[in-house]
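Along the sequence shown, residues are numbered consecutively beginning with 1.
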Amino acid sequence: MPSWFFTSLRGYRIVWLPRDLVAGLMLLAIALPGQLATARLAGMPPETGIYAFVAGSLAFAAFGANRFMSVAADSTIAPIFAGGLAAIVGARSPSYPELATLLALMVGVVLVVVGLLRAGWLASLLSIPITTGFLAGIAVHIIVGELPTLLGIPKPAEPEPNRQIRSHRILGRAGNFG
């Protein structure tokens, strides 16, 4: 077996297994709902989030160097995927799931290349205000997307990315309880 394969398990002791299994079950209980919601944010079927969680966890176990990290789909990236793909093909396109998979694999290739080139330092060029603004924008995006459910009004029939763009309609109807 290559020396870079499963490096996170070097020095692992079998006596740690019972506690690690409990920790794994706790992680699953926390991560599973988040992965289902992340898949929904990306405009994908819910099971896609589970696939991403399992694939990310297995890949990180095999190739990662830290056994204490958890890797899965991220709710900050999912709306960007959905918006980008919807702008190209539309969220209701039959090829949407395949293109989302292709985009995820292309991003993975870029990350592998960045890792091989040891170019992770490029992320430090993003200032804290830029990063904070990005995360705040994603939070607003998610909140606005959940407003119909929160306010008990029907969701528009349009796809999720289009609904985010037209969120002012939802806010305009919020006071009509009557």
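- Smallest separation of non-hydrogen atoms from A39 and G49: CB-N, 3.5 Å.
- Residues L27 and F53 have side chains in contact (heavy-atom distance under 4.5 Å, counting atoms from C-beta outward).
- Atom-to-atom distance recorded for L111:CG and L116:CG is 11.0 Å, nearest 0.5 angstrom.
- Note: L135 CG to I130 CD1 = 11.5 Å, rounded to the nearest 0.5 Å.
- Cluster membership for V89 and F81, using ILVMFWY side-chain heavy atoms within less than 4.5 angstrom, is shared.
- Note that CG of L85 is 11.0 Å distant from CD of E98, once rounded to the nearest 0.5 Å.
- Transitive grouping of hydrophobic side chains (ILVMFWY, heavy atoms separated by less than 4.5 Å) brings L102 and V107 into a common cluster.
- The structure places CG of L126 at 11.0 Å from OG1 of T132, a figure rounded to the nearest 0.5 Å.
- Under the 4.5 Å side-chain heavy-atom criterion for ILVMFWY residues, no single connected hydrophobic cluster contains both I143 and L151.
- When every heavy atom of L28 is checked against every heavy atom of P33, the shortest pair comes out as O-CD, 4.3 Å.
- Side chains of L103 and L99 form no contact here, defined as non-hydrogen atoms less than 4.5 Å apart.
- Y96 OH to M44 CE: the interatomic distance, rounded to the nearest 0.5 Å, is 7.0 Å.
- Contact detail for G120 and V114: the closest heavy-atom pair is N-CG1, 4.0 Å.
- Counting heavy atoms from C-beta on, the side chains of Y12 and L17 come closer than 4.5 Å.
- More than 12 heavy atoms of other residues, nucleotides or ligands shown are found within 6.0 angstrom of CG on L21.
- Interatomic distance, I50 CD1 to L32 CG, rounded to the nearest 0.5 Å: 5.0 Å.
- L25 and I30 sit in two unconnected hydrophobic clusters of ILVMFWY residues. Membership requires side-chain heavy atoms under 4.5 Å apart, directly or through other members.
- In L117, the CG atom is crowded: over 12 heavy atoms of neighbouring residues, nucleotides or ligands sit closer than 6.0 Å.
- T48 contributes a side-chain N or O that, together with a main-chain N or O of P45, makes up a donor-acceptor pair within less than 3.5 Å.
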